[in-house]
Amino acid sequence: PQNTLEGFLLAEEEGADAVELDLYISADGELVIMHNPTTGGTCGTDIGVEDSTLAQLKELSADRGFRDTEYAGVKIPTLREVYEELDRETVIFVEVKSTNPECVRALAALTEEFGFYDRIVVISFHFDQLVLSRELMPTVPCAFLASNIYSDTGEIISALRPYSMALDNSYSEDYDEYLSVDAKARAFPVLLWTFYNADGLDTYMLRGYLGLTNDLPYRFASIGKKLE
């Protein structure tokens, strides 16, 4: 199941060198992992993540679509649990979905507690949250999430470069080659999201992107070995 500890551990088993998760802060200040601002998509029961306490969220099961499998009953994880359980070598891409600055402050505090400045990358569609992350954790890489940014690449790069941020853009077969060439010409790091099948993965990997977000860790691992 997505955004669960069990899902992250399975990705590690299948060869992923990084995982991506979505971050909110509960009503009582705990960092919790959930894709949407409400729980209905993965839990069935629909409550607001940031309107609920951690105890209320832990009463739910994040197993929608998996209730007849070994993953029945899995719980909404906290970021602390992810920090504690994942392999120390796995990079964690933390997408800050929350617009609450306290979410970033809590992220900075937890990351300092664990000493994981070299282990995480902060990404977000919310530019202000990334600016705050750079202020609180200046050594932690950041990337601005965008959708279908191709014709305005130069303008976006000019805006992000002063903050030492990368661009994490949705990919399109129609414009990908233009984006990769434009970014390379400016010596600017770009990541792409999200790949749901393996078609042409080797081509994208060879174009020099910093990373490719995907749901296929076992296929990426095998392609990476082949390209080596």
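Start at 1 with the first residue, then count along the sequence.
- At least one donor-acceptor pair under 3.5 Å links the side chain of W193 to the backbone N or O of D168.
- Pairing each heavy atom of L31 with each of C103, the nearest pair is CD2-O, 3.6 Å.
- At least one side-chain heavy atom of L160 sits less than 4.5 Å from a side-chain heavy atom of L167.
- Considering all non-hydrogen atoms of both residues, C43 and A62 come closest at SG-CA, 3.8 Å.
- Between E81 and K58, at least one side-chain nitrogen of the basic residue sits less than 4.0 Å from a carboxylate oxygen of the acidic one, meeting the salt-bridge criterion.
- Between P189 and A166 the shortest heavy-atom distance is O-CB, 3.5 Å.
- The CG atom of L132 lies 12.0 Å from the CZ atom of R134; values are rounded to the nearest 0.5 Å.
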Next item on the list: Take I47 and L60 through the side chain to side chain contact (heavy atoms under 4.5 Å, CB included) test and state the conclusion after the steps.
Entry: CA-CA 10 Å; I47 60 175; L60 306 179; 3.8 Å; yes
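- With contacts defined as side-chain heavy-atom distances shorter than 4.5 Å, the pair L79/L23 qualifies.
- A side-chain donor-acceptor contact under 3.5 Å links Y83 and T111.
- By the 6.0 Å contact criterion, CG on D87 is enclosed, its count of non-hydrogen atoms from other residues, nucleotides or ligands being greater than 12.
- E20 and T213 share no donor-acceptor pair across their side chains, judged by distance under 3.5 Å alone.
- Both tests pass for R119 against the ring of F116: distance under 6.0 Å to the centre and angle within 45° of the axis.
- Here N169 contributes atom CG and I156 contributes atom CD1; the two are 9.0 Å apart, rounded to the nearest 0.5 Å.
- Using a 4.5 Å cut-off between side-chain heavy atoms of Ile, Leu, Val, Met, Phe, Trp and Tyr, with links allowed through other members, V91 and F114 fall into different hydrophobic clusters.
- Remark: T99 OG1 to E50 CD distance equals 6.5 Å, nearest 0.5 Å.
- Checking T38 against D46 by side-chain atom types alone, a donor-acceptor pair falls below 3.5 Å.
- A distance of 9.0 Å separates CD in E95 from CG in N3, rounded to the nearest 0.5 Å.
- Under a hydrophobic clustering in which Ile, Leu, Val, Met, Phe, Trp and Tyr are joined whenever their side-chain heavy atoms come within less than 4.5 Å, directly or via other members, M165 and I92 fall into the same cluster.
- With a 4.5 Å cut-off on side-chain heavy atoms, I76 and T39 count as touching.
- Between R80 and E113, at least one side-chain N (NZ, or NE/NH1/NH2) sits under 4.0 Å from a carboxylate O, which counts as a salt bridge.
- A continuous path of Ile, Leu, Val, Met, Phe, Trp and Tyr side chains, each step under 4.5 Å between heavy atoms, connects M34 with L54, placing both in one hydrophobic cluster.
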Next item on the list: I would like to know whether Q56 and D51 meet side chain to side chain contact (heavy atoms under 4.5 Å, CB included); could you show each step before the answer?
Entry: CA-CA 10 Å; Q56 290 172 321; D51 298 324; over 6 Å; no
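- Taking hydrophobic clusters as Ile, Leu, Val, Met, Phe, Trp and Tyr residues chained together by side-chain heavy-atom distances below 4.5 Å, Y24 does not share a cluster with L107.
- L5 has its side chain within reach of L86: a pair of non-hydrogen atoms, C-beta onward, lies under 4.5 Å apart.
- For the pair K97 (side chain) and P37 (backbone), a donor-acceptor distance under 3.5 Å is absent.
- At least one side-chain heavy atom of K75 sits under 4.5 Å from a side-chain heavy atom of S61.
- In this structure the side chain of V122 never reaches within 4.5 angstrom of the side chain of F93, judged on heavy atoms.
- Linking Ile, Leu, Val, Met, Phe, Trp and Tyr whenever their side-chain heavy atoms come within less than 4.5 Å leaves V32 and L110 in two separate clusters.
- In this structure, the side chain of S124 does not engage the main chain of L130 through any donor-acceptor pair within 3.5 Å.
- A donor-acceptor pair is defined here as one N or O able to donate and one able to accept, closer than 3.5 Å; such a pair exists between the side chain of D63 and the backbone of G73.
- Considering only heavy atoms from C-beta on, Y163 stays 4.5 Å or farther from F144 through its side chain.
- The distance from the OG atom of S133 to the CG atom of D128 is 12.5 Å, given to the nearest 0.5 Å.
- In the displayed structure, E89 atom CD is contacted under 6.0 Å by at most 12 heavy atoms of other residues, nucleotides or ligands.
- Residue Q129 holds its CD atom at 13.5 Å from CD1 of I123, rounded to the nearest 0.5 Å.
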Next item on the list: Dump the intermediate steps for side chain to side chain donor-acceptor pair (under 3.5 Å) on T90 and E12, then the final yes or no.
Entry: CA-CA 8 Å; T90 301; E12 285 187 335; 2.5 Å; yes
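- The closest donor-acceptor contact from the side chain of E14 to the backbone of A11 lies at 3.5 Å or more, if one exists at all.
- Side-chain contact check for Y209 versus L191: every heavy-atom pair is 4.5 Å or farther apart.
- A donor atom on one side chain and an acceptor atom on the other are not found under 3.5 Å apart for N100 and S98.
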Notebook entry, point to check: Please walk me through it: do C142 and M137 pass side chain to side chain contact (heavy atoms under 4.5 Å, CB included)?
Noted result: CA-CA 10 Å; C142 289; M137 300 181 289; over 6 Å; no
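- A distance-only check finds a donor-acceptor pair linking the side chain of N214 to the backbone of L212 [under 3.5 Å].
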Checklist line | Steps toward side chain to side chain contact (heavy atoms under 4.5 Å, CB included) verdict (Y71, T4) | finding: CA-CA 10 Å; Y71 300 110; T4 62; over 6 Å; no
